[in-house]
Structures are given as C-alpha cells and as structure tokens.
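Structure record follows, encoded as structure tokens.
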Protein chains: 2
Amino acid sequence: MATTIKDIAQLAGVSTATVSKVLNRKDAFIGEETRERIRALARELNYTPNSIARSLVTRRSRVLGIIVPDILNPYFTELVRACDDTARLRGYTTILCNSDGIATSEEAHLAFLAGHGVDGIVLAASDVVPNEGLLRELGIPFVSMDREVATLDCLAATVDTDCRSGAMQSAAYLISRGHKRIAFLSGAAESANTRMRLEGFEAAHRQAGLAVDPALVRCGEFQHSFGRRATLELLDGTSFTAICCMSDMLAIGATVALRERGFRVPADCAVMGFDNVYLAPLLDCALSTVDRRIFESGRIAIEALIGFLEDPDPQRTAILLETTVVARETA
Amino acid sequence: MATTIKDIAQLAGVSTATVSKVLNRKDAFIGEETRERIRALARELNYTPNSIARSLVTRRSRVLGIIVPDILNPYFTELVRACDDTARLRGYTTILCNSDGIATSEEAHLAFLAGHGVDGIVLAASDVVPNEGLLRELGIPFVSMDREVATLDCLAATVDTDCRSGAMQSAAYLISRGHKRIAFLSGAAESANTRMRLEGFEAAHRQAGLAVDPALVRCGEFQHSFGRRATLELLDGTSFTAICCMSDMLAIGATVALRERGFRVPADCAVMGFDNVYLAPLLDCALSTVDRRIFESGRIAIEALIGFLEDPDPQRTAILLETTVVARETA
DNA sequence: GTGAAAGCGCTAACAC
DNA sequence: GTGTTAGCGCTTTCAC
C-alpha cells in the first residue's frame, strides 16, 4: 500500500489539508516547523502523490494525447519524440495513438482520450479531415499540425509547414539541376496537403517556363510502399529524369523501385525527398530532401498547447514553418 | 460538462448504483426495461465513463507503461507499436517513456509511472541494469525484455531473444560465405546482452576452427553513430572482410563509414545486421540481418503482462525467442 | 430488482 | 496558521 497524504497527516499530527498545502507549495501561511516536519515525513515515507485522485478533483490530468497515423513512419517517430520530450519538461505526460490514417479510428481515439481526461490533444498531419462535430462536442483544447481544420473554440493553435513553398523549392532545385521531366509523388489527391504541394510543384515549373505532364503526377499515400508501386507504374509508362517526392518514405520506396529496374540514383534518375527524417543522411545514397524542422515543430506544438491550457485567457496561435532544401547525394 | 452517471440516473429515475451496474454489464438482476432505458439514455447523451474516477475506486487504471531507451531507434519503434496495438485490443492504453539508456532517467520514469497508477510496466531492452530495489518497492507487475533482472515477486514475465544463438547464426553465416576476419560491433561491453552475443560469435568461430581477433571486437552502443565511429577506427587499424553487427542501426552506421572510405558493400566488405527492422529491406543495398521477430515479441510481452494482471493466481512466464538469418544483399 | 451509503486520495473553500 | 467540510465520478457492499 503506497503512503497517502493521510498517513503523513497522522504521523505529523496535522490535518490532510495542511499536508496537501505544504506538498503543493501553497504553504505561505504554514509554520516553518510544521512545513519541515511534513516534508521530512514525505521524503522518509517515499510519498508519491496519487495523480488519479488529484486529477479527479482538479479536473486536470497533465496528460496530453497525440494522434498520429503511424509511429512507424520516421517522420512521426521524430515528431512524437519531440512532443514527448517537450511535454515532460513541462511536467506533462503524453499518450500516443496510431490512427493508421483512418477517420473512424481517429474518432475512437479522440473519444478514448476524452474518457481518459487528457487536458489537450495534438492532431498530427494526416490526409483525413478531423471530425469537427466531435472535436467541438468534446471541447478539449487541441493543436492541429498540417491538418484541414475549422477554427473551433478549442483549437489552441495551428502548426503548419509551408508545404506549397517546400514543394516549390524542391522542384525548383531539381529544375536548376537541369531536369525537365520530373515525376511527382504525394499523398491522397483530395487532401489539402497534396493540393498545396502540387500547386508549389506547378508554380516552380511555371516560373521556369516548363509545363507539368499530368502523366507524371501520382497521388496515393505518403508511405514507402506507395512510392515503390507508383514509381514502378511510372517506369512502365513514360520517361523522366527525376522524382520529386512529398515524403522521405515515398523517396525511399521510389529508390527501391528504381534499383529493381536497374536505374542508378542519381545518375539515371534523381530523387528528392521531403521531411528530412534522421534516416535521410544515413542511407547508402544520402537522400536529398526538404527540411521541415520536425523536432522544432513538435516542440512548438506542445508549447502552444500547454501555453493555451495554462493561460487563463488564452490566445490562439498560428505558426507557419518554413522549409529549406538539403542537397545530399540523390539529387 | 460531460454527462455523468448521475445525469443518467436522474433521467432514468433510478439510482447511480443501478446505472453503474447496467453500464458495467453486472446487470444480471436488473429488469429488462430499466436496463434498456439506461442503455438508450447513455447512448443518447453520448456518455463516456470517466476513467479517472473509475480508477480511483477500482485501483486499476488499465494503463501500461513502456520504458524504452529511445523510440527513434527503429527496433523500439516497432516494439512500441506492437505493444500498443496489442494493449489496445485488450482495452489497455500505454504510456511511453524514453530513458535514453540512463539509469536515473529510467528510475524517474518508474516512479512517475507508479504515481500515475499504471497497472503494469514493460521494461524493454537496455544495457542498464534495472533498479531492483525500486522495482520491488513499487511492486508494480512488469515484464523484462532482454534485461538482466532478478526474479522479483512482481516480475510477470521475461521475454528474451536468444541472442547468443542469434550472434552465432550471424557469424556462422558469414563464415560459410568464406569470411575469416570478421569484425564484431555491439553495445556496452559489460552488459549481459553483449557478453552473450560475443560468446555466440566466438562459438561460431570455434566450430569453424577459426580464432577471433580481439582487435576486431568493438563494444559501445547499439546506435548508428557508434557503428560509424567504430568502423572508421577499425578501418584505420586492421583489415577484415565482414562486419557482424549486433543491431541494424550499427550496421547502417558501419555502412556509412565503409562508403566514406570508398569500400563497396558487399563486394569489399560484407555487413550483417541484427533485429531485422522494417527498414532493413528498404535500404539501397538491402541489409542482410538476423530476424528476432520484433512485432511478435512485443505482442507476447503485453499478453504475458495482461495475463498476469488479470489472472487471480498468476504464473510467471519465461519466453525465449529464436532467431533466423535473413540473407539479403549486404552479406 | 433496486437503492442508500460509504469511500477511493486528494483539493479547496471557508471556518476558527 | 491550521482544521473542517464537502465533494470530484464512480463502484460496491448490504439492506430492503
């Protein structure tokens, strides 16, 4: 049986209220000696507050939920680590949920997190449009990262990457290296994320006086399996000298396909990634990519969320992160 | 304000006790109509039980803690996903903690998890020896994965990979391919994990009538950065034709170093990994490695833990997972 | 078949 | 300065 506030109160000959005050540093009006006696006792008995009980009364759990499509995707792995580190520094815990990019799964997680009394939620990038009605009904403060979300009262912040510009930079870089027929690989065609990136991709072409061949555009998912599949299909159809991928995993998949067909990277076909995951420089042929400051974005998201939670009169923040091209070996 | 059991009781004209019974399917002695009325109301009001309140009284949270050194390491990413998926299927949540392989950090997480009332803990592979005193004192059931841990009352299960045999298989495979001077890269030299693997490595040599050159053995950490550094050092000293790495990340680091120095893999130097992370087949030169069934081990660990928690008279289990060589391109 | 009552460990008014 | 009291939302005897 763990020691409780009651045990300490009994041994110290005071009430539980006094113990509670001391242990929560709300002890401005408590005598020096009682204070010390209680502190000593707590240390001695190895007292750890029961955060369940505390949460029940304070109605705050200091737990944050993070919903990502799949932690296995290195982009989300890094994001989650960044969020968790930041939250912990501020005295919060996180609960991770994998939605697999399925709307109903995300909704189930949302309800679940609500039931567990999380104080706030991070909705990480996904092609799924968040369930606005549910979010509003739950009323839990949340931050949206690269998601298409309405401005609800409980929206604490939006932390987005300027993907249009990122895609444009990537394509422009490729064009500057002499490429004229560039394939484009991205996530779900209907998602805002992909639409914006495609816009950037097209803008870069326009600026260079080039046209985008629609046959070279392939949308599906951000995963490596789609990258491989799409590249294989592309290879069967037209010709091109570079692939502009909208995620590093897509780029890895594309590279696998290219190799399978005997193409060398970058000699026969250049490949650009997007995200700059920690793996990118470790690949046998170090991946050229677009850096989107993953770690920083996670930190910012959590800080915005906690700021919103703790500020009695919270302001909504909108962050837009700029990207930079990282030229390595694949392009 | 979320709807509570009280709201439902009021609307249904019954007591909270009755509502509680119905909603927990302890309603054997409740009238069919009342039961239906309550269920309907719950659905209609979108009732979600407050698990904080429930935990306080039942003294069970259905939350499990998972302590890993670093989720960024793909081995742990996969393990965590496996644990989380399995736990969720059984109605449990997980809280992830990154210890960075630091003993005090692990202890802090342990205390933290205890304070948050987790029902059980998974202690994933690490070179750090768990704090036995703390574990005993907390008394929270836990499962140890590839850790050196004493048999405490609260040890629910051990789920270990037969690393000695795995390392032996890896070395034997390399030897069978004609390699005679094989470098060995592993984690902390003092850890049981590394000792056992080195034993296996040596055993394979003995069986082939070969001797292990101590100059080719490098112990440090399981991370890619150490793999690169150690390989660079090795390259400056002796010569060898293969590297037997005790983690896939080590193998990736070794490959980076090899490439930096102009060596081709596997033509100039073969590389074997260990773990078989999902990335292994995706690398430009697909990594030959030792499969340790990561996903399955996570599933087993969680199932053993939950089994222990839910069985009124729990048995301790000891699982030993066998490994297999996966020959791909690097060796 | 159903309800009253106690209490999980803690905090927060408000007394004194 | 410190204690009393009243819950937070839920489960669980035990009584009717």
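Chain naming here is simple, since letters A, B, ... match the order of the sequence lines and numbering starts at 1 in each.
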Taken in chain and number order and not counting sequence neighbours, the residues that satisfy ring-ring contact (aromatic ring centres under 6.0 Å, His included) with A/H109 are none
Protein-nucleotide distance (A/K26, atom NZ; C/dC10, atom P), rounded to Å | 19 Å
To the nearest Å, give me how far apart CG (A/L23) and C1' (C/dA12) are.
-> 16 Å
Residues in salt bridge (Lys or Arg N to Asp or Glu O under 4.0 Å) with A/E132, at least two apart?
-> A/R136
Set of ring-ring contact (aromatic ring centres under 6.0 Å, His included) partners for B/F112, sequence neighbours left out | B/H116
Have a look at B/L64 and tell me which of B/L113, B/V143, B/I302 forms a side chain to side chain contact (heavy atoms under 4.5 Å, CB included) with it.
-> B/I302
Hey, is B/R62 close enough to B/E310 for a salt bridge, meaning N to O under 4.0 Å?
-> yes
Start with the C-alpha distance between B/D27 and B/R35, add both sets of side-chain angles, then the distance that settles salt bridge (Lys or Arg N to Asp or Glu O under 4.0 Å), and finish with yes or no.
-> CA-CA 8 Å; B/D27 54 0; B/R35 200 179 310 185; 3.7 Å; yes
Take the protein atom CZ of A/R54 and the nucleotide atom C1' of C/dT11, then report the distance between them rounded to whole Å.
-> 9 Å
A/E36 atom CD is separated from D/dT2 atom P, nearest whole Å, by 13 Å
Rounded to whole angstroms, how far apart are NE2 on B/H116 and P on C/dC10?
-> 13 Å
Output the single nucleotide from D/dC8, C/dT11, D/dC10 whose closest atom is nearest the side chain of A/L56.
-> D/dC8
Would you kindly give the CG-to-C1' distance between B/N24 and D/dC10, to the nearest whole Å?
-> 9 Å
Whole-Å distance, A/R60 CZ to D/dC8 P, equals 19 Å
For nucleotides 1-4 of chain C, give me every protein contact, N/O to N/O, under 3.5 Å, one pair per line with atom names.
residue, atom, partner, partner atom, Å
C/dT2, OP1, B/T34, OG1, 2.9
C/dT2, OP2, B/G31, N, 2.6
C/dT2, OP2, B/T34, OG1, 3.1
C/dG3, OP2, B/S15, N, 2.9
C/dG3, OP2, B/T18, OG1, 2.8
C/dG3, O6, B/K21, NZ, 2.6

Phosphate OP1/OP2 of C/dC8: any A/N50 side-chain N/O under 4.0 Å = no
Do A/R147 and A/E106 meet the salt-bridge criterion of a basic N to acidic O distance under 4.0 Å?
-> yes
Here the distance between atom P of C/dG9 and atom CD1 of A/I8, to the nearest Å, is 13 Å
Please lay out, stage by stage, how A/V80 and A/V68 fare under the test side-chain contact (heavy atoms from CB on, under 4.5 Å).
-> CA-CA 8 Å; A/V80 163; A/V68 300; 4.0 Å; yes
Do any side-chain nitrogens or oxygens of B/R59 fall under 4.0 Å of OP1 or OP2 in C/dC8?
-> no
Are any of B/Y47's side-chain N or O atoms less than 4.0 Å away from OP1 or OP2 of D/dC10?
-> yes
Bending between helix ends of the helix from C/dG1-D/dC16 to C/dC16-D/dG1 [5 pairs per end, 10° resolution] | 40°
Side chain to side chain donor-acceptor pair (under 3.5 Å) partners of A/R299, counting only residues at least two apart | none
